[in-house]
Asks: 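One structure coming up, written as C-alpha cells, with questions to follow.
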There are 2 protein chains.
Amino acid sequence: MAQPAPTPQSAMRQLNLSRVLHTLAAEGPLSRATVATRIGLTRAAVSTLVETLLRGRLLVEEGPGRSGSVGRPGSQLRLTDRGPCGFGAEIGVDHLAVCAADLRGEIRVRVEKEFRAQHRAPDAVLGELRALARRARAEADGVGLRPAGLAVAVPGLVPRGTTTVLRAPNLGWRDVELAGLLPADLGEVTVHNEASLGGLAELWSRGDPAADGFVYVSAQIGIGACVVLDGRLLSGAHGFAGELGHVPVRPEGPPCGCGGRGCLETYAGEEAVLRAAGIEPGPGVRLGALTARCEAGEPTALRAVRRAGTALGIALSGAVNLLDPRRVVIGGTLTRLAPWLLPPLRRELGRRTAVAAGGRETPLPVTASPLGPDGPLRGAAGLAVRTALDDPARLLAAARGD
Amino acid sequence: MAQPAPTPQSAMRQLNLSRVLHTLAAEGPLSRATVATRIGLTRAAVSTLVETLLRGRLLVEEGPGRSGSVGRPGSQLRLTDRGPCGFGAEIGVDHLAVCAADLRGEIRVRVEKEFRAQHRAPDAVLGELRALARRARAEADGVGLRPAGLAVAVPGLVPRGTTTVLRAPNLGWRDVELAGLLPADLGEVTVHNEASLGGLAELWSRGDPAADGFVYVSAQIGIGACVVLDGRLLSGAHGFAGELGHVPVRPEGPPCGCGGRGCLETYAGEEAVLRAAGIEPGPGVRLGALTARCEAGEPTALRAVRRAGTALGIALSGAVNLLDPRRVVIGGTLTRLAPWLLPPLRRELGRRTAVAAGGRETPLPVTASPLGPDGPLRGAAGLAVRTALDDPARLLAAARGD
DNA sequence: CTAATTTGTTAACAGCCATGACGAAATACT
DNA sequence: AGTATTTCGTCATGGCTGTTAACAAATTAG
C-alpha cells in the first residue's frame, strides 16, 4: 500500500525550517525579521522556527548587530560553525582529496595526496581515499564538526542515484561498484560525475543561484560538462548528461575512442592538444610544458591551443543555441591555458550564436572558473551540506541524539 | 515592501486543490479514495477538497462506477466538460488555427484557415487570427465552455514572459509586439515558440509526464527544437532555448543566414532539402512534390533526404551526448518524409552516442511524433488548460462570479 | 526628551489535515 | 439466503501551523 506519506502538515514545517537554513546559508547573518521577509512568513512564525533551530544547535545567535538604520536592531543569526558538516571527496586521475565544509559552506578541513589513480585497481584507490577520509574526520572532530554526509567526485559516468562507476576511461574503470569501498562513518554517501560537482560549485559561488544558468565545461584529459538552467542541474534521464567531449565538431574528423568521428575530445582533450603541440603525453607530463611554450610564444604550441579553442567554440555553439544559457564557464586543468584558449573560443562562439544573440544585451560571457581545479571538491562538500540542510528533521534528530 | 505573500496555509490548500485537478486530468474518472492515495492525503481531506471543486462546478460526480472488486464501489469523479476551457492558437507560415480544449484536455472546438502569413504585416495576420478566435469562442459558447486563457504558437523567438516576437525569419517579422493585436476576451494570453508547444503536446500525450525526457525537433522551413527533461520544459535564460537549426553540422559548411556556417538548417531545412532534390521552392511548392518523388524512388530526391537525415543525426548526437534524453521525437512538416529521413538519422545518432549508450538498455528511440503537424496547436490549448488548473482559486472565483 | 521606527514575543484565532469511528454498499464465503 | 469482509465516503475531534494584533524593548530623528 501507499506508505504513510509524511503528513503534509509537518512537511510544511520541515520545508520552512529548511528555508530558514538555506536563507542563512546564502546570505550570512540575518535577523529574524529579515529572514521573515525573505521567505515570506511573519516574524512570529520565523521566531518559532528559529527557536527550534537554536535549540537544535544549528543556529547561533550573535546578539544585536550594527545599528545602521532607525529602529531596534535585530539580533543576528548565523549557521553554526560547529556541529554537522558535509564531506567532499575527489578521485582525480593523479590526486585524491577529501575536505569538510561546515553548514555555512566554509571549507574547514582539507587533506589531499598526489596519487596516480590511473589504471590502478579500485580497491587500492579507495583504500587510500578511506585513509584520507579518516584523517579528515579526525581533524573535523578536532574543531567540533560531526559528519553529516559525503559526496564523491569521479571522472566518469555514474548512473543517477547509484554509487556505481559505469565508465571512467581515464581511470581505466568499468562497471565498478563503490558501495563497499567508500568511507562508512561519514553519513550518507553519494557519488557523482566530477563535472557536475564542479558546475554546482560554480553555481553556488555566485549570488542568486536560482536565477543562474550556464554551461560548465570541465576540460582535462576527458572533456565533461554540466548544464545548469534556472538554478537546477540537468542530470539527464540516466544521469549521463554532460558528455560534451563526444559532441561532433567535424563529422568526418579523426576517429575517437567512443566510436564516433571528430568528437570534441579529439581536438581539445589534453592528450590531443599536447600531441598537436609536439609534446608526447607521458604519465607525468601534463600541461606544464605546454603552458611554458605558450608563454614563450612558440608557434606550434600556440597553434595547437588555438585549434582546441576553436573546437571548443564550435561544440559550445551547439550547446548555446540549444540551451540559451546566461554564460559559459570553463573549468578543469585546461583553464591554465585560458589566455590562449579563450579568445578563439569566444570568437567562434560569437560567430555561431548570432540568432539568439539578437535578443541579448551583451555578448555571452565566457570565463574561466574562479575556483580553478578546486571546483569539483568544493562542489562535493557543498552538495553534502545542502543535502543536510534540506532535511532539518534529521539534523535536529542527530543533535538531540548526541 | 514585500507584498502580503499568500499565506502558506491557504497556499497549501490551493496546491492540494490543484493536485486533485491535475490527477483527474491525467487519469480520467477516479473515486475520492483513489485520488487520495494518488496524492498522498487521507480520504477525509480529499472529500473536502472535492466538495469545494464540485461546488465550483469544476468536477462532475458520475455516481458509483463498475464494481470490479470487493468493497463498496467509489463514486467516479471527472473534470467537467462544460465551464472553463483553454484556447490555443497557431500562426503558421501558411495557415492560422484556433482551438479550444475543455479541462480534460479534449479538443472541443477547432477552426482554421489557409493563410499565407509569410511577409504579411502583423496587423493583417493578427486581424485574421482574431476573426478565427471570435468564431471559436462562439462555438465554444455553444457547447457551454467559457474562456479561461489563450496560448499562441509562433514560429519565432519569443522572450520568456513576453508577448513580443523578436524574430520570426519565416514570417519576416522582427520585434513585433503582439500585445494589442491579440484576442482580448479569452482571458490571459501568452505567446510561445511553436516548437516548445509542440514538445509540450508530445509530453502530455504520453503516460507519466513527470518521468519523461526527450528532444523534440520541429523540422520545417526553420528547424526548431524543444528540450524536456524530468518532465520540465527547458526554456533557457531568455526563453530562446531550442535553436537546433543553427547548431553547426560542418563548421566550414555553406554560409547560413544567421551568420554562421554549416548550420543544420543549411542541410535539413525545408528549402535546403527541396533545392538539393532539384525542386525550386516557390511560395506554394512544399513537400508534396518531394514526397511523391521519394515514393517513386527517384535517386536525387532520396539522396537529398538522406543527406538531411544524416545532418539531423549529427546535430542531434551533440544534443543527446549533452543532455541524455530518454528519446528523440521528430515533429513538424518534415515528418512526412520520415520513412526516408529516420533511417540515416538513427544510424548517425547511434554511431555517435555510444558512450552514454553503454549504460542504456536499448538503443535510444527515435520516432516521428504521433500528433503530426497538430502538435503546436494542441500544445497551446493544453498549456492554457494546465495553467488554469494550476490556479484553482481563479477558476472557483470565476465560477462564483458567473 | 519625545516621537517614530523597527524588532521580537505573546496570546487569541482560524485553517488545514490526520485520526478514528461510523454507516453504506458492494463482494466472498458458508 | 445470510453473514463476514472489504472498501468507500462522511463526521467529529484534535493537533499542528501560521496569522493577526497588541505590546515591550531598543534604537534613531528631531
Side-chain angles (χ1 to χ4, degrees), chain A residues 1-20 24 29-55 59-77 392-393 396, chain B residues 1-20 24 29-55 59-77 392-393 396:
Chain A
M1 267 292 135
Q3 66 240 31
T7 103
Q9 294 244 74
S10 60
M12 180 161 72
R13 184 72 170 175
Q14 293 309 314
L15 185 68
N16 284 335
L17 285 168
S18 176
R19 281 213 278 242
V20 172
L24 287 169
L30 295 175
S31 69
R32 289 170 177 75
T34 314
V35 172
T37 61
R38 285 285 184 288
I39 64 180
L41 292 178
T42 59
R43 296 199 308 275
V46 170
S47 271
T48 71
L49 292 165
V50 164
E51 169 66 20
T52 305
L53 296 173
L54 281 172
R55 222 185 266 287
L59 298 187
V60 174
E61 186 142 28
E62 296 195 319
R66 52 109 200 70
S67 49
S69 65
V70 55
R72 169 179 167 179
S75 177
Q76 300 299 103
L77 301 164
L396 293 169
Chain B
M1 269 287 140
Q3 67 240 30
T7 102
Q9 298 242 72
S10 60
M12 180 161 72
R13 183 71 171 175
Q14 293 308 313
L15 184 69
N16 284 335
L17 286 168
S18 177
R19 282 212 277 242
V20 172
L24 288 170
L30 295 175
S31 68
R32 290 169 176 78
T34 314
V35 172
T37 63
R38 285 285 185 288
I39 65 181
L41 293 177
T42 59
R43 297 199 309 271
V46 170
S47 270
T48 72
L49 292 166
V50 165
E51 170 65 22
T52 305
L53 296 173
L54 281 172
R55 221 184 267 287
L59 297 187
V60 174
E61 187 143 26
E62 295 197 318
R66 52 106 203 72
S67 50
S69 64
V70 55
R72 168 178 168 180
S75 176
Q76 300 299 103
L77 302 163
L396 292 170

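Just so it is clear: chains get the letters A, B, ... in the order the sequence lines come, proteins before strands, and each one is counted from 1.
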Asks: Take the protein atom CE of A:M12 and the nucleotide atom C1' of D:dC16, then report the distance between them rounded to whole Å.
Replies: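 Rounded to the whole Å, the gap is 9 Å.
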
Asks: Expressed as a whole number of angstroms, how long is the span from A:E51:CD to C:dT9:P?
Replies: 8 Å

Asks: Expressed as a whole number of angstroms, how long is the span from B:E62:CD to D:dC8:C1'?
Replies: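 From B:E62 CD to D:dC8 C1': 17 Å.
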
Asks: Please figure out whether A:A45 or A:P64 has its closest DNA chain D nucleotide nearer the 5' end.
Replies: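 On the 5' side of the pair lies A:A45.
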
Asks: When you check the phosphate oxygens OP1 and OP2 of D:dG18, does a side-chain N or O of A:R13 lie under 4.0 Å from one of them?
Replies: yes

Asks: Does A:R32 come within less than 4.0 Å of A:E51, counting only side-chain N to carboxylate O?
Replies: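 Salt bridge between A:R32 and A:E51, a charged N being under 4.0 Å from a carboxylate O: no.
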
Asks: Output the rounded distance in Å from CD (A:Q76) to P (C:dT6).
Replies: 16 Å

Asks: Checking all strands, does B:R32 fall into the base, sugar-phosphate, or nothing category for heavy-atom contacts under 4.0 angstrom?
Replies: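 Result for B:R32 = sugar-phosphate.
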
Asks: Using a 4.0 Å heavy-atom cut-off, does B:A33 contact any base of the nucleic acid, only the sugar-phosphate backbone, or nothing at all?
Replies: sugar-phosphate

Asks: Can you tell me how far P of C:dT7 sits from CD of A:E61, to the nearest Å?
Replies: 14 Å

Asks: Taking all atoms of both residues into account, what is the closest heavy-atom pair of B:S18 and B:P392, and its distance?
Replies: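 Here B:S18 and B:P392 meet closest at N-CG, 3.8 Å.
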
Asks: Return the value, rounded to whole Å, for the distance between atom CG of B:L49 and atom P of D:dT10.
Replies: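 Spelled out: CG on B:L49 to P on D:dT10 is 12 Å.
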
Asks: Show the nearest heavy-atom pair for residues B:P73 and B:P64, with the distance to one decimal.
Replies: CG-CB, 4.3 Å

Asks: Locate the shortest heavy-atom distance separating B:L24 from B:L59; write the atom from each residue and the value.
Replies: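 That closest heavy-atom pairing would be CD1-CD2, 3.5 Å.
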
Asks: Counting side-chain heavy atoms from CB outward, which of C:dA24, C:dG8, D:dT17 is closest to A:S47?
Replies: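 Looking only at side-chain atoms, A:S47 lies closest to C:dG8.
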
Asks: Would you say C:dC16 has OP1 or OP2 under 4.0 Å from some side-chain N or O of B:N16?
Replies: no

Asks: Where the side chain of B:R43 is defined as all heavy atoms beyond and including C-beta, which of C:dT6, C:dA21, C:dA18 is the nearest nucleotide?
Replies: C:dA21

Asks: Would you say the side chains of B:T48 and B:R13 form a donor-acceptor pair under 3.5 Å?
Replies: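 Yes - a donor-acceptor pair under 3.5 Å links their side chains.
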
Asks: Whole angstrom is fine here: how far is it from CG in B:L30 over to C1' in D:dC8?
Replies: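 Whole-Å distance recorded here is 14 Å.
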
Asks: Is B:T42 near enough to C:dC17 that one of its side-chain N or O atoms lies under 4.0 angstrom from OP1 or OP2?
Replies: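 Answer no for this pair, as no side-chain N or O of B:T42 is under 4.0 Å from OP1 or OP2.
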
Asks: Answer yes or no: side-chain N or O of B:R72 and base N or O of D:dT7 forming a donor-acceptor pair under 3.5 Å.
Replies: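 Looking at the base of D:dT7, it does not pair with any donor or acceptor on the side chain of B:R72 (distance under 3.5 Å).
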
